[in-house]
Number of protein chains: 2
Amino acid sequence: MPAEKKHKGPIMFPKATLERLKLYHTLLQEEKNEYISSDEIARKLSIKPEQVRKDITYLDYSGKPKVGYHVSSLLDTLDELFGTKVTDNIIIVGAGHLGKALANYDGFENYGISVVAIFDNNPEKLGTYVGELVVLPLDDLGRVIRRFNVKIGTICVPGESAQKIADLLIKKGIKAIWNFAPVILEVPEGILVENEDIARSALTLKHLLDRTPTEKI
Amino acid sequence: MPAEKKHKGPIMFPKATLERLKLYHTLLQEEKNEYISSDEIARKLSIKPEQVRKDITYLDYSGKPKVGYHVSSLLDTLDELFGTKVTDNIIIVGAGHLGKALANYDGFENYGISVVAIFDNNPEKLGTYVGELVVLPLDDLGRVIRRFNVKIGTICVPGESAQKIADLLIKKGIKAIWNFAPVILEVPEGILVENEDIARSALTLKHLLDRTPTEKI
DNA sequence: TAGATTGTTAATCGATTAACAATC
DNA sequence: TAGATTGTTAATCGATTAACAATC
């Protein structure tokens, strides 16, 4: 059936809009007042108020003219959008400093993320505790993924082994990879990858910093 | 002097281009061959080859028709752009799990980042070691910033105290903030903020995952 | 030379902004 | 009601893509 373009179902958000919606989410969580205006949101994020209003039109939500947006119900709408009230079980592969920090990260609670296991093949780490979790061998991956219905796998291993781990995770049924390793992963179609290489993100900072006009002496 | 629009000096890159250039940087670091084509870069990143070529025109670099881009010299150009060969000293505030993981992160070496100090005001942490660094009290901030010419301050404290720490860092002379706390910071003009709230970045993953067509049963 | 690949210009597309209408 | 703020439409701007010229 051609000429059938607009179908019901998941609305696609412009990527930039989605990024801003995440920032609104953070901002609203901090907000103490009952209502907030597009002007105030914009000011705090250094963007334009019409941008904020436009972004919000993508949501199934309306503000009140003359009053602003009702903070808690806009937050509910965003929680719905991101699924933060639905808990997703995730696993972490790699019990190095970063893997351990993530396993212990308490910020996940508010976001519907629960770390159910951490894996490592280093015999010295196997069986040790990371918070309340015991470090498990990779052989247990499949079992844990099935048992906890895990869709998201977090990669915290060195770059050299990241692709191998990605392949393994996918083979064991993972649908999305949260990649903290400093490499570009190749994955089959349909598998999501979210890159989170921490050093790479510092590049933006370094780039902008170096270009800031030099101070007068 | 009006009508003077195009001035020499730092070229401004479109934000999206800059993001991709970071990915090219990562990709080229892994590349074993001497040359790489725009087609291959595009394939690995799931983008279009003309996008890659266009992005590269922003750089002071030319490829070779019929051959491709010379990997090591393109990498040099990108290193120059991001300043990865120039070491920036950074400090970390907050010696929790994440702060400690960052202090120990060995991926920074390749990116021209050196962690010179970690701070915390919790008396139980003061004086303890994080890798080779001793946890220092916030009172030492100014001294360390001056001594090591620190421009980048990393915030790894809980959301509640993040704004206070940001204010303090700026007062002590920091020019850029790398913010791992789950809040939006307000800073004076001229101060850079790079947000890196880890849980927030999981929102994208959750959002997309929830919208993936449900599997047939 | 022919062929492959880069580089560039023009066309298209999409996102942002401006202007203003709607609304409480 | 008047005024403030949202919501929407149209204009602008910028980024992506397509087409093709340049080049080795």
Side-chain angles (χ1 to χ4, degrees), chain A residues 5-7 10-24 27-28 31 33-78 81 204 207, chain B residues 5-7 10-24 27-28 31 33-78 81 204 207:
Chain A
K5 268 224 168 155
K6 243 175 196 160
H7 63 97
I11 300 134
M12 273 310 287
F13 294 82
K15 192 169 164 29
T17 294
L18 200 71
E19 285 306 308
R20 284 188 299 267
L21 289 172
K22 291 196 285 180
L23 294 173
Y24 305 161
L27 204 55
L28 293 172
E31 182 56 41
N33 295 319
E34 201 180 346
Y35 286 90
I36 192 170
S37 66
S38 57
D39 254 68
E40 194 173 345
I41 295 175
R43 189 184 54 74
K44 292 196 175 168
L45 295 172
S46 306
I47 59 177
K48 301 253 162 97
E50 39 279 56
Q51 180 77 269
V52 174
R53 296 202 295 274
K54 181 74 170 185
D55 286 340
I56 288 174
T57 62
Y58 286 97
L59 302 172
D60 183 20
Y61 176 84
S62 287
K64 292 192 190 174
K66 198 180 162 177
V67 183
Y69 301 101
H70 188 249
V71 172
S72 75
S73 49
L74 178 51
L75 196 49
D76 284 348
T77 307
L78 289 170
L81 173 71
T204 307
H207 170 69
Chain B
K5 268 225 167 154
K6 243 177 195 159
H7 64 97
I11 301 134
M12 275 309 288
F13 293 81
K15 193 168 161 31
T17 293
L18 199 72
E19 284 305 307
R20 285 188 299 267
L21 289 172
K22 292 196 284 180
L23 294 173
Y24 305 161
L27 204 54
L28 292 172
E31 182 58 41
N33 294 320
E34 201 179 346
Y35 287 90
I36 192 170
S37 66
S38 57
D39 255 69
E40 194 173 345
I41 295 175
R43 188 184 55 74
K44 291 195 175 169
L45 294 173
S46 307
I47 59 177
K48 299 255 163 96
E50 40 279 57
Q51 180 78 269
V52 175
R53 296 202 293 275
K54 182 73 169 184
D55 286 340
I56 288 175
T57 62
Y58 287 98
L59 302 173
D60 181 21
Y61 176 84
S62 287
K64 291 191 191 174
K66 197 181 161 174
V67 182
Y69 300 101
H70 188 249
V71 172
S72 73
S73 48
L74 178 51
L75 195 49
D76 285 347
T77 306
L78 289 169
L81 174 71
T204 307
H207 170 69

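Note on naming: letters A, B, ... go to the chains in the order of the sequence lines (proteins, then strands), and numbering restarts at 1 for each one.
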Could you list the protein-to-nucleotides 18-22 of chain C atom pairs, N/O on both sides, closer than 3.5 Å?
none

* Distance (rounded to the nearest 0.5 Å) between B:Leu27 CG and B:Lys22 NZ -> 15.0 Å
* **Atom pair CD1/CD of A:Ile41 and A:Glu31 - distance to nearest 0.5 Å** =>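 Reported value, rounded in 0.5 Å steps: 8.5 Å.
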* Would you please confirm or rule out a distance under 4.0 Å between OP1 or OP2 of D:dG7 and any side-chain N or O of A:Tyr69? => yes
* Asked: Does a side-chain N or O from A:Ser38 land closer than 4.0 Å to OP1 or OP2 of D:dT5, or not?
  -> no
Length of the [atom1]-[atom2] vector between [X] and [N], whole Å:
{"X": "B:Asp55", "N": "C:dT6", "atom1": "CG", "atom2": "P", "value": "13 Å"}
{"X": "A:Tyr35", "N": "C:dC24", "atom1": "OH", "atom2": "C1'", "value": "11 Å"}
{"X": "A:Lys54", "N": "C:dG14", "atom1": "NZ", "atom2": "C1'", "value": "11 Å"}
{"X": "A:Arg20", "N": "C:dA15", "atom1": "CZ", "atom2": "C1'", "value": "8 Å"}
{"X": "A:Asp39", "N": "D:dT6", "atom1": "CG", "atom2": "P", "value": "7 Å"}
{"X": "A:Tyr61", "N": "D:dG7", "atom1": "OH", "atom2": "C1'", "value": "13 Å"}

Is there a side-chain contact between [X] and [Y], using heavy atoms and a 4.5 Å cut-off?
{"X": "B:Leu45", "Y": "B:Tyr24", "result": "yes"}
{"X": "A:Leu59", "Y": "A:Leu78", "result": "yes"}
{"X": "B:Val52", "Y": "B:Ile56", "result": "yes"}

* **Cationic N near anionic O, under 4.0 Å, A:Lys15 to B:Glu19** =>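 Judged by the 4.0 Å cut-off on N to carboxylate O distance, A:Lys15 and B:Glu19 do not form a salt bridge.
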* Are B:Lys54 and B:Glu50 close enough for a salt bridge, meaning some N to O gap below 4.0 Å? -> no
* To do: State, to 0.1 Å, how close B:Ala42 and B:Pro49 come at their nearest heavy-atom pair, and which atoms those are.
  =>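 It is CB-N, 3.4 Å.
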* Asked: The side chain of B:Ala16 lies closest to which of these nucleotides: D:dT16, D:dG7, C:dT16?
  ->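 For the B:Ala16 side chain, the nearest candidate turns out to be D:dT16.
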* Nearest-nucleotide 5' precedence on DNA chain C, B:Lys66 against B:Thr57 ->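 Its nearest nucleotide being more 5', the pick is B:Lys66.
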* Whichever of A:Gln51 and A:Lys64 has its nearest DNA chain C nucleotide further upstream toward 5' ->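 So the residue in question is A:Gln51.
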* Secondary-structure notation, DNA chain C, from Watson-Crick and G-U pairs under 3.5 angstrom (| other strand) -> ..||||||||||||||||||||||
